[in-house]
Amino acid sequence: MAQAQVPVTVLTGYLGAGKTTLLNRILSEQHGKKYAVIVNEFGELGVDNDLVVNADEEVFEMNNGCICCTVRGDLIRIIEGLMKRKDKFDGILVETTGLADPGPVAQTFFTDDEVKAKTRLDAIITVVDAKHFLGQLDQGSEAEQQIAFADVILLNKTDLVSEDELKKVEAKINSINRYAHIFRTQKSQIELNAILDKGAFDLKRILEFEPEFLHHGHDHDHEEEVKSLSLTADRPVDPDKFQKWMGALLQLRGPDIFRSKGILAIDGAPRRYVYQGVHMMMDSDWGTPWKDGETRSSKLGFIGRNLDGENLQRGFNDCLK
Amino acid sequence: MKLDLANPAWRQTLPPGRSVAGDAPAVACAFNKDGSLGGFALGDGRVRLLPADISAGETAAGEPLHGGVVLALVDDPAGDGFVSGGDDGRLLRIAADGRTSELACQKGKWFEHIAGHRATGAIAASAGKNAYVVKAGEVREFGPHQSTVAALDFSKDGSRIACAHYGGVTVWSIGQVVLPPRRFAWRGSHVALKWSTDGKFIATGTQENDIHVWRMAQATDMRMQGYPAKVKSLSWTADARFLYTSAQPVFTAWPFSGKGPEGKPPLQFGDEGAGLMTVVAAHPAAEFVAGGYDSGELQLGDIKTKRSVVLKMADGSAITCLAWSPDGFRLAVGNEAGTLLVLDLRR
Ligand SMILES: [Zn+2]
């Protein structure tokens, strides 16, 4: 039976950033929609709702032995269980713990066929505490990873810092993830339409992605830092060469590449080829057709660690006709 | 046994039986001990009890027994009805007359998997990372396991239970003497488990589309790969000679007599279904087998003659559960659309 896939929104962010406030608002506001919420701590939510499910963030490593190929098996189980309900809902929200790596959650939606058939990952929202974010970055890799994976960032508690400090935080966020949409908020106040049903993982909507141009220059001494980079090409892509290059790149560098997406002008193909990946896992499809006379250019975007833009661009150039 | 499982007439019309439209997806089904009732667990919290006798009158849908989804249902090994588990954290005993009593409650957890052992009357059920054994009114806890228990089963003699979780299987002795559990390790997430009917093997289906089987005596293991999807349904034949597995378009049985299945292809027979088999159930006594498909088809087969017949359901909804009556004459079938069938397969 053809059934619309239920959108799943993942909510990450440090403890105290405002995730629970946002969840409580989504659950209590009158918006005419019904959401199931998967949380890691029951007690925190103020509302009593039978659509709130407790999860333990059970991550397992896949049998390929790769450190980045990790999946939330509990999510597969819970989503399967929720889908057996008679009463359907408009969306699922998954809250992660403050120190969670968003990778396994996202990869769950690339891995499991039944989860893929019944739900779709809509977007990853990261709630950031404007006052403490820069300090949290120094405490470990989690804060950085949560920014790197995000499609939407709520820069929250903006009332507690000056405009100068805010600009500094935004600049830092931008240097990690150029593609995320940042909203400044206080007490997690945000129009829900702005953050739900974004289609950030929807291959059909990938065309809305506008990569920034590659910034050459002085970032070589900060290579361990997470950053975003884009590659472009105006000549058509040789599909075999591209597949080989990308396959080898992900095999070798998958753990360091958090997210990637691309729109390719394949040599001789009337349609765009679009793909989207998390670490080594990837989905791809044919997108919209090129119009007559339209410039057929290809764009790739990466967010990751230890990325050498010039080297990547050279590799990509070798895939062109 | 007077069963004609390859009756060509059934290609056009379903065998005689009872068909009821449930209000929610069917999650699990079973027959009670004397085979007089087919029980169906539904996604709206109800458990529908349908008389196996076609001439008997219809029963009412009844009130929901669980708060959300009924996640598991087995025949009650110590009673005349069923045992159900739900996402409301309750494990219930349902008598044949519909009366219920609570066997266990784990608030905030889901009672997801249940197994029963007829000879000892013991019930094993899992909620979260723990398994619980209910016997003679006493509830004992086994665990916690390293992750939520994803499947469980009794040994042939009922003295042990096996629990599947991340990283393999844990076997607990459930006698009064507390023994340390035995662990059988294999990396990854194990999502289905069946102990062989002769007690010699434990089989699991994994998240990564393969099957893992441990030989109890030597604690050696084997892995069967090449499935296009997760194998969520496993079923040993009554004589333990074959292990049927879902996730193939035809009946797929691994031979466990003689030297075992290593290095051999599985035995495959039957018509190629329109999709993949979602659930498979070996007959409780004879060489027959039933398989349900994601396309809604139902196939009945005979491993001896390799004959089979495909039955088409009207609504084309994926089959979610199958159960044979204890005498093997009837088959309970449920699907995602909530169609509940009790078919009479006697000739
Ligand atoms: Zn990996």
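Every heavy atom of this structure was used, including side-chain atoms; hydrogens, water molecules and symmetry mates were not. A quick note: this is a predicted structure, and the numbers were derived from the prediction, not measured. Chain letters run A, B, ... following the sequence lines, proteins first and then strands; every chain starts at 1.
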Original post:
What part of B:Pro64 is in contact with chain A, defined as an atom under 4.5 angstrom from a non-hydrogen atom: side chain, backbone, both or neither?
Top reply: neither

Subject >> Heavy-atom pair count under 4.5 Å with chain B, highest-scoring of A:Thr111, A:Asp113, A:Asp112 >> reply: A:Asp112

**OP:** May I ask you to check whether over 12 heavy atoms, not counting those of B:Glu102, lie within 6.0 Å of atom CD?
**Re:** yes

**OP:** Taking heavy atoms only and a threshold strictly under 4.5 Å, list by residue number the residues of residues 75-85 of chain A that touch chain B; give 'none' if the list is empty.
**Re:** A:Ile76, A:Arg77, A:Ile78, A:Glu80, A:Gly81, A:Leu82, A:Lys84, A:Arg85

Original post:
Side chain, backbone, both or neither: which part of A:Asn64 has a non-hydrogen atom closer than 4.5 Å to chain B?
Top reply: backbone

**OP:** Could you tell me which portion of B:Asp87 (side chain, backbone, both or neither) has an atom closer than 4.5 angstrom to a non-hydrogen atom of chain A?
**Re:** side chain

Original post:
Does CD in B:Gln225 sit with more than 12 non-hydrogen atoms of other residues, nucleotides or ligands closer than 6.0 Å?
Top reply: yes

Original post:
Under the side-chain contact (heavy atoms from CB on, under 4.5 Å) criterion, do B:His165 and A:Phe60 qualify, and how do the steps go?
Top reply: CA-CA 10 Å; B:His165 46 75; A:Phe60 73 88; over 6 Å; no

Original post:
Can you find a heavy atom in the side chain of B:Trp110 that is under 4.5 Å from one in the side chain of A:Val53?
Top reply: yes

Original post:
Restricting to pairs with a member in residues 7-33 of chain A, which pass ring-ring contact (aromatic ring centres under 6.0 Å, His included), not counting sequence neighbours?
Top reply: A:His31-A:Tyr35

Original post:
Which residues pass the side-chain hydrogen bond (donor to acceptor under 3.5 Å, both in side chains) test with A:Glu114, sequence neighbours left out?
Top reply: B:Lys232

**OP:** Please list, chain by chain and in numerical order, all residues satisfying side-chain hydrogen bond (donor to acceptor under 3.5 Å, both in side chains) with A:Glu29, sequence neighbours excluded.
**Re:** A:Arg25

Original post:
What is the distance from atom NZ of B:Lys129 to atom CG of A:Asp74, rounded to the nearest 0.5 Å?
Top reply: 9.0 Å

**OP:** For B:Arg187 and A:Gly65, work out which heavy atoms get closest and say how close.
**Re:** NH2-CA, 3.6 Å

Original post:
Hey, is CD on A:Gln243 packed in by over 12 heavy atoms from elsewhere, all under 6.0 Å?
Top reply: no

**OP:** Name the region of B:Gln146, side chain, backbone, both or neither, that has any atom closer than 4.5 Å to a heavy atom of chain A.
**Re:** neither

Subject >> Choice from B:Ser189, B:Gly188, B:Ala24, B:Gly167 maximising heavy atom contacts with chain A below 4.5 Å >> reply: B:Ser189

Original post:
Does any N or O in the side chain of A:Glu58 come within less than 3.5 Å of the main-chain N or O of B:Thr148, such that one atom is a donor and the other an acceptor?
Top reply: yes

Subject >> Leading residue by heavy atom contact count with chain A [cutoff under 4.5 Å; candidates B:Asp210, B:Leu71, B:Asp23] >> reply: B:Asp23

Subject >> Contacting moiety of A:Asn63, where chain B heavy atoms sit under 4.5 Å >> reply: both

**OP:** Keeping the roles fixed (side chain from B:Tyr166, backbone from A:Gly73), state whether a donor-acceptor pair exists under 3.5 Å.
**Re:** yes

Original post:
Considering residues, nucleotides and ligands other than A:Lys34, do more than 12 of their heavy atoms fall under 6.0 Å from its NZ?
Top reply: yes

